[in-house]
Amino acid sequence: MGRDAIAVVPSAPVRQRNNDVEYNYRQDSDFYYLTGFSEPDAVAVLIPGREAAEYVLFVRERNREREIWDGKRAGPDGAVEEYGADDAFPITDIDEILPGMLEGRQRVFYTMGLNQEFDQRVIGWVNSLRAQARSGMHPPQEFVALDHALHDMRLFKSRAEVSLMRRAGQIGADAHVRGMRFCRPGRMEYEVMAELLHEFNRHGADIPTTPSSAAAPTAACCTTATTARGLNDGDLAAGGCGLRIWLLRLRHYAHLPCERPLHARTAGRV
């Protein structure tokens with residue numbers, strides 16, 4: 001990045017399912033890779049060479065009433081103590097604080113296009129500094145895509161990361177063996193999927209994608225959505241899933257497809 005640059009990395013937004021019901025929250029992969037912070041409404045700022053703090057987090061404040069419904073929040077103090085930030089501020093103060101961090105930096109590392117609402121906020125902060133250039137402000141002169149550099153970093157795995165990838169693969173393999181042993185005529189597709197999910201959850205693994213479990217005489221791929229169809233003798237039972245496990249700031253995935261002919265005489269055997 002260089003000491004004249006700044007990186008701004010927002011968390012993934014919360015997605016509304018219907019009315020006041022939200023989809024299960026999944027943190028942005030890049031944000032999680034850098035911070036290990038799993039809460040929404042957060043922004044990480046990396047400022048090389050800044051004396052006050054080089055790694056800053058903006059997070060939600062503690063709120064006893066909301067935490068009853070949404071779960072515990074780290075708050076600014078927890079962001080420093082538990083997640084290693086040099087400094088942390090309430091996310092509600094970002095409009096007052098972040099423009100000052102942008103001032104004097106030549107380049108802004110930021111990934112445009114993933115969150116249009118936040119894109120406009122970043123552009124607005126930079127434009128507000130440009131409007132004050134005659135007053136001595138020094139606004140950033142260049143936007144640089146952060147994802148290219150960050151994704152190159154993620155290609156190189158530490159021993160701990162390789163160990164997690166192997167663990168994820170083993171859990172996925174065990175889940176498929178469990179699903180194959182469960183398969184027999186008369187079982188339902190959603191029952192097979194439940195076996196996969198049970199194996200993931202009992203090992204503390206999460207899923208980045210929804211598992212699929214389908215059976216039909218021509219079910220030749222694992223992308224078919226799970227339905228309430230029953231398994232019949234002679235069907236090809238196909239299942240596919242991805243899972244993730246994490247430790248501190250590390251998150252890794254394994255994706256394992258599986259196809260198995262289903263016959264009454266071999267059902268339940270692997």
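Excluded from the calculations below are hydrogen atoms, water molecules and symmetry mates; all remaining heavy atoms, backbone and side chain alike, are included. Every value quoted in this text rests on a predicted model; they were computed, and no experiment measured them. Starting from 1, each residue takes its place in the sequence as its number.
- The hydrophobic cluster analysis finds V80 isolated: no Ile, Leu, Val, Met, Phe, Trp or Tyr side chain comes under 4.5 Å of it, directly or through other members.
- Note on L46: it clusters hydrophobically with F109, by side-chain heavy-atom contacts below 4.5 Å among ILVMFWY residues.
- Here the closest non-hydrogen pair linking L146 and V8 is CD2-O, 4.4 Å.
- Of all heavy-atom pairs between F31 and A44, the closest is CE1-N, 3.5 Å.
- When all heavy atoms of P76 and P90 are compared, the closest pair comes out as CG-N, 4.0 Å.
- In this structure, CD1 on I91 lies 11.0 Å from CD on E39, to the nearest 0.5 angstrom.
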Original post:
Does the pair I94 and R121 meet the rule for a side-chain contact (heavy atoms from CB on, under 4.5 Å), with working shown?
Top reply: CA-CA 10 Å; I94 193 170; R121 296 184 72 181; 3.2 Å; yes
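- Judged by distance alone, the side chain of H151 and the main-chain N or O of A149 form no donor-acceptor pair under 3.5 Å.
- A distance-only check finds a donor-acceptor pair linking the side chain of R105 to the backbone of R3 [under 3.5 Å].
- Between E61 and R73 there is no salt bridge, since none of the side-chain N atoms of the basic residue sits less than 4.0 Å from a carboxylate O of the acidic one.
- When all heavy atoms are compared, the tightest approach of A88 to A79 is CB-CB, 3.7 Å.
- Ring pair Y83/F37 is perpendicular by interplanar angle, where above 60° counts as perpendicular and below 30° as parallel.
- Both I97 and V43 are part of a single hydrophobic cluster, where members link through side-chain heavy atoms under 4.5 Å apart.
- At most 12 heavy atoms of other shown residues, nucleotides or ligands fall within 6.0 angstrom of atom CZ in R166.
- Under a 3.5 Å cut-off, the side chain of D119 and the backbone N or O of M112 do not form any donor-acceptor pair.
- Expressed to the nearest 0.5 Å, how far OH of Y33 lies from OG1 of T35 amounts to 12.0 Å.
- Criterion: ILVMFWY side-chain heavy atoms under 4.5 Å apart, direct or through other members. Under it, V144 and M153 are part of a common hydrophobic cluster.
- Here the side chains of R62 and K72 are in contact, with some heavy-atom distance below 4.5 Å.
- Looking at every heavy atom in both residues, L129 comes nearest to P99 through CD1-O, 3.5 Å.
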Original post:
Please walk me through it: do R178 and H198 pass side-chain contact (heavy atoms from CB on, under 4.5 Å)?
Top reply: CA-CA 9 Å; R178 182 187 181 113; H198 182 276; 3.0 Å; yes
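- Put simply, CD1 on I47 and OH on Y55 are 12.0 Å apart, with the number rounded to the nearest 0.5 Å.
- Side-chain atoms of Y32 do not come within 3.5 Å of backbone N or O of R26 as any donor-acceptor pair.
- A distance-only check finds no donor-acceptor pair linking the side chain of E54 to the backbone of P48 [under 3.5 Å].
- Interatomic distance, Q170 CD to H203 NE2, rounded to the nearest 0.5 Å: 8.5 Å.
- Side-chain atoms of E199 do not come within 3.5 Å of backbone N or O of L196 as any donor-acceptor pair.
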**OP:** Tell me, with the steps shown, if E22 and Q16 meet side-chain contact (heavy atoms from CB on, under 4.5 Å).
**Re:** CA-CA 4 Å; E22 300 165 352; Q16 210 74 14; 3.8 Å; yes
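- With hydrogens and angles ignored, the 3.5 Å screen pairs a side-chain donor or acceptor of Q141 with a backbone N or O of P139.
- Closest approach of A53 to D87, counting heavy atoms only: CB-CB, 3.8 Å.
- Of the possible donor and acceptor atoms, none in the side chain of E67 sits under 3.5 Å from a partner among the backbone N and O of D70.
- Atom CD of Q116 is surrounded by 12 or fewer heavy atoms from other residues, nucleotides or ligands within 6.0 Å.
- When side chains are defined from C-beta on, Y110 counts as touching P10, because their heavy atoms get closer than 4.5 Å.
- In this structure, N19 contributes its side chain and V21 its backbone to no donor-acceptor pair below 3.5 Å.
- Residue V14 is not grouped with residue F58 when hydrophobic side chains (ILVMFWY) are merged at heavy-atom distances under 4.5 angstrom, including chains of intermediate members.
- Put simply, CG on N18 and CG on D20 are 8.0 Å apart, with the number rounded to the nearest 0.5 Å.
- A salt bridge links D30 and R154; the closest N-O separation between the charged side-chain nitrogens and carboxylate oxygens is under 4.0 Å.
- Taking OG of S128 as the reference point, atom CD of E103 lies at 10.5 Å (rounded to 0.5 Å).
- Around atom CD of E96, more than 12 heavy atoms belonging to other residues, nucleotides or ligands sit under 6.0 Å away.
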**OP:** Go through L150 and V9 one step at a time and tell me if the side-chain contact (heavy atoms from CB on, under 4.5 Å) criterion holds.
**Re:** CA-CA 11 Å; L150 192 54; V9 190; 5.6 Å; no
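- E142 CD: more than 12 foreign heavy atoms inside a 6.0 Å radius.
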**OP:** Dump the intermediate steps for ring pair (Phe, Tyr, Trp, His ring centres under 6.0 Å) on W125 and F143, then the final yes or no.
**Re:** CA-CA 13 Å; W125 294 326; F143 277 96; over 10 Å; no
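- Both F89 and I6 belong to a single network of hydrophobic side chains, linked directly or stepwise wherever heavy atoms of I, L, V, M, F, W or Y lie under 4.5 Å apart.
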